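What follows is a single structure, written as structure tokens, with notes after it.
Bear in mind the structure is a predicted one, so any value in this text is a computation, not a measurement. Letters go in sequence order (proteins before strands), and every chain restarts at 1.
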2 protein chains.
Amino acid sequence: MPPKGERKTRDRLIEVAMELFYQQGFHATGLAQILKQAGVNSGSLYHFFDSKEELLLAVLDRYREILRPVLLQPIFDQVADPVERIFALLGVYRQGLVMTDCAAGCPIGNLALELREFHPKAHQKIAENFEDWRQAVRECLDEAADRLPERVDREALATLILAAMEGGVMQSRAYRAIDPFDASVAMLRDYIDRLLAEGAGRRRE
Amino acid sequence: MPPKGERKTRDRLIEVAMELFYQQGFHATGLAQILKQAGVNSGSLYHFFDSKEELLLAVLDRYREILRPVLLQPIFDQVADPVERIFALLGVYRQGLVMTDCAAGCPIGNLALELREFHPKAHQKIAENFEDWRQAVRECLDEAADRLPERVDREALATLILAAMEGGVMQSRAYRAIDPFDASVAMLRDYIDRLLAEGAGRRRE
DNA sequence: GTCTATAACTCGATAGAC
DNA sequence: GTCTATCGAGTTATAGAC
């Protein structure tokens, strides 16, 4: 267990790095900027982290830690229906886009495309973040399993939902307009409505 | 019109930069590497381009130029059915993933997430690249309009298809496995099959 | 654990001869 | 249009005192 003083500096570095990597990207963010904004000196950073990449790994771990308590739980507290929970989750990402005038995106998606085969450890943690996200969507779909057609592949559907979200965010950022994201989600909604309609038909038989 | 010698060096710089930006990203690629690989000196680069960003703009213009003759035309020559043309296009991206062991992605998508609100000119050209791509898909959907339900929003559907493609590529790269891309495309296929089935039902009435 | 100073290097970009 | 040489700023990372 680390002494009291340690957690604070270490956490501040992680939080500032999380924010700056999100806003500017990993390569575009220099350690000098992170240090300045966190009010920390170079020596302290290298006391906690062996390298810039180790700091990135800590940031990616943090994202995994906060997914459920910070992102999912507030949504699930407000929305009970499992299908609507998925669209409420998409709504949170929409809100993030709108609030930043479509400049922000998905922090994990950004890093996923910036960090390629180099940075294998970071790559692994990015995959784990996607895994958690897709798993959360998957659980919603499983809860609604009896309303969906029997043979629908819920794992694949969760993958499409994540893909549509990331791809929608990407296009909205490119155009600096919310329309592409909304269009993607609207078509996803149409698709799932059709699945639910067929599921309802099945139960009526 | 530039003299004969000019096009060659300029083109070589664009082609090398295109490849390296694709493989490593914009920030991660130094001019020194581009110069070395192109066999060109710093002075020549700055004779043709004012800055690294101007070189990027030329790369993005090149991508727009080659979309139809290099990417779309070969597909359209082989596949006549407009709906199948869309899936054949997705198949080409699949091939790119498989051939690189899921390390490569979409060059435009990569740059879209790496370059944010800074680089406004590049941002604009990235949007234009997406626009061309979506327009191509849109034209396929328009050709198949009479087989789809009347009220389907083909522009929005084209946006979802692009989103699913980009998001599928992103996940496959993260996992270094083709499965997420395949799952996304499979669900897209299921959705479009349902739309075609409804369209067929409409015509039978 | 934190501080200052700095090493060692790479970056994008420029100058000026040819 | 191409060459060599290099500038100045920025980069990640380290050394060593406190």
What side-chain hydrogen bond (donor to acceptor under 3.5 Å, both in side chains) pairs are there with at least one residue in residues 166-175 of chain B, not counting sequence neighbours? Glu131(A)-Tyr175(B), Arg134(A)-Tyr175(B), Asn110(B)-Arg173(B)
Output the rounded distance in Å from CD (Glu54(A)) to P (dT12(D)). 15 Å
Can you pull the side-chain hydrogen bond (donor to acceptor under 3.5 Å, both in side chains) pairs that have at least one residue in residues 178-190 of chain A, sequence neighbours excluded? Glu84(A)-Arg189(A), Arg94(A)-Asp182(A), Asp190(A)-Arg194(A), Asp190(A)-Tyr191(B)
Of the options dA13(C), dT12(D), dT2(D), whose atoms approach the side-chain atoms of Ser42(B) most closely? dA13(C)
Rounded to whole Å, the CG-P distance (Leu35(B) to dT14(C)) equals 14 Å
Whichever of Asp50(A) and Gln33(A) has its nearest DNA chain D nucleotide further upstream toward 5': Gln33(A)
5' precedence on DNA chain C between Gly43(B) and Ala32(B) (nearest-nucleotide basis): Ala32(B)
Between dT12(D) (C1') and Lys52(A) (NZ): distance, integer Å: 8 Å
Given DNA chain D, 5'-ward residue of the pair Ala28(A) and Tyr46(A), judged by closest heavy atom: Ala28(A)
In whole angstrom, give the distance that lies between atom CG of Leu31(A) and atom P of dG10(D). 15 Å
Whole angstroms only, please: what is the NZ-P distance between Lys8(A) and dG1(C)? 14 Å
dG1(C) phosphate, OP1 or OP2: any side-chain N/O from His47(A) under 4.0 angstrom? yes
With a 4.0 Å cutoff (strictly under), does any side-chain N or O of Thr9(A) reach OP1 or OP2 of dG1(C)? no
Sugar-phosphate only, base, or nothing, as touched by Ser51(A) at under 4.0 Å among non-hydrogen atoms: sugar-phosphate
Donor-acceptor pair between His123(B) and Glu117(B) side chains, under 3.5 angstrom: no
Leu45(B) has an atom CG; how far is it from atom C1' of dT4(D), in whole Å? 16 Å
Has Glu150(B) got more than 12 heavy atoms of other residues, nucleotides or ligands less than 6.0 Å from its CD? no
Once you round it to whole Å, what is the distance between P of dA13(D) and CZ of Phe48(A)? 17 Å
Could you go through the side chain to side chain contact (heavy atoms under 4.5 Å, CB included) check for Asn129(B) and Leu111(B) one step at a time? CA-CA 11 Å; Asn129(B) 270 278; Leu111(B) 292 169; over 6 Å; no
Which whole-number value in Å describes the distance from Asn41(A) CG to dT14(D) P? 17 Å
